[in-house]
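Chain identifiers are assigned alphabetically (A, B, ...) following the order of the sequence lines, protein sequences preceding nucleic acid strands; residue numbering begins at 1 within each chain.
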Protein chains: 2
Amino acid sequence: MAEDVFKALADPTRRHILDELVERGGQTLFEICARLVTKHGLGLSRQAISQHLAVLESAGLVRTRRQGRYKFHDLNTEPLERIATRWLRPDAPESTP
Amino acid sequence: MAEDVFKALADPTRRHILDELVERGGQTLFEICARLVTKHGLGLSRQAISQHLAVLESAGLVRTRRQGRYKFHDLNTEPLERIATRWLRPDAPESTP
DNA sequence: TTGATAGGCAAGCTTCCACTTGCCTATGGT
DNA sequence: ACCATAGGCAAGTGGAAGCTTGCCTATCAA
């Protein structure tokens with residue numbers, strides 16, 4: 001849903017996660033936690049990041065794949081490619097609520 | 001500044017306001033209120049819309065001009081043109097001014 | 001001047017969101 | 001088997017966001 005994409009992008013922590021995944025795909029939850037601390041100075045709990053990842057995944061911005069006890073996260077830019085052009089083309093046949 | 005753009009776009013009512021301003025620029029607050037009711041079925045108070053417009057304006061998405069007792073609102077798409085390309089690859093088929 | 005229109009300011013309420021805490025399951029190494 | 005690692009579930013909390021209500025100012029027409 002495009003609705004969820006906007007809400008997912010509203011939080012600065014989630015945008016930092018996307019920045020991290022764009023720089024290096026296929027990271028686990030613990031890797032993302034560690035990199036958010038060292039590179040962005042964000043000292044959040046593991047659960048907080050996990051919940052943020054759940055929001056990003058349900059918005060379609062993050063794809064996950066399980067492998068053993070690891071869960072790898074990858075960025076999916078496909079939902080991003082439409083949302084910004086919604087108000088940029090006045091003559092586009094837009095009908096999304 | 002870009003932080004405020006994401007937060008401004010997070011609310012569905014504000015996105016409907018942008019839809020309205022893209023369709024017809026230079027509307028007053030009362031016009032926007034009326035059109036949100038008749039076209040989108042949103043029954044909100046005048047103050048609610050006014051506060052939404054303030055958020056959009058402080059995010060740079062709406063420009064206002066006073067004329068007598070009227071205050072006209074216009075869309076400014078300039079902040080939108082960068083936010084979506086933030087996580088897109090450099091080879092994305094997007095116009096980069 | 002009077003009254004109607006267009007808009008603003010501020011307090012209060014309610015719901016939602018981000019975050020934490022504690023406990024749980026599952027996988028893998030030794 | 002044991003234990004550390006990787007992750008999930010659920011309840012609880014603080015604060016921000018959205019909306020309303022009431023009152024106020026400013027502009028224009030009669």
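- Between B:L44 atom CG and D:dA17 atom C1' the separation is 14 Å, expressed in whole Å.
- Within the model, atoms CZ of B:R35 and CD1 of B:I49 stand 13.5 Å from one another, a figure rounded to the nearest 0.5 Å.
- Rounded to a whole Å, the CG atom of A:L42 is 11 Å from the P atom of C:dT20.
- We find that CG of B:D11 is positioned 9 Å from C1' of D:dA17, with the value rounded to whole Å.
- Residues satisfying the ring-ring contact (aromatic ring centres under 6.0 Å, His included) criterion with A:H16, sequence neighbours excluded, are A:H40.
- A:T28 OG1 to A:Y70 OH: the interatomic distance, rounded to the nearest 0.5 Å, is 8.0 Å.
- You'll find the side chain of A:K71 stays beyond 4.5 Å of the side chain of A:L29, heavy atoms only.
- OP1 or OP2 of C:dC19 sits under 4.0 Å from a side-chain N or O of A:H52.
- In this model, the phosphate group of D:dC19 is not approached by any side-chain N or O of B:S45 to a distance below 4.0 Å at OP1 or OP2.
- Taking the nucleotide of DNA chain C with the nearest heavy atom to each of A:R14 and A:G68, the more 5' of the two is matched to A:R14.
- Rounded to an integer number of Å, the gap from A:Q51 CD to D:dA10 C1' is 10 Å.
- When atom types are taken as modelled, the side chain of B:R14 and the backbone of B:A8 share a donor-acceptor pair closer than 3.5 angstrom.
- For B:N76 (side chain) and B:G60 (main-chain N/O), a donor-acceptor pair under 3.5 Å exists by modelled atom type.
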| In the 5'-to-3' direction, what one-character label does each nucleotide of nucleotides 2-8 of chain D receive under the scheme B = base within less than 4.0 Å of a protein heavy atom, S = sugar-phosphate only, - = no such atom? | --BBSBB
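- Distance CZ (A:R15) to P (C:dA18): 11 Å, rounded to an integer number of Å.
- The closest donor-acceptor contact from the side chain of A:T38 to the backbone of A:A34 lies under 3.5 Å.
- Judged by distance alone, with hydrogens and angles left aside, A:Q67 brings no side-chain donor or acceptor close enough to the base of C:dT27 to form a pair under 3.5 Å.
- If you measure from atom NE2 of B:H16 to atom P of D:dC19, you get 12 Å, rounded to the nearest angstrom.
- Between the C1' atom of C:dC17 and the NZ atom of B:K7 lies a distance of 12 Å, rounded to the nearest Å.
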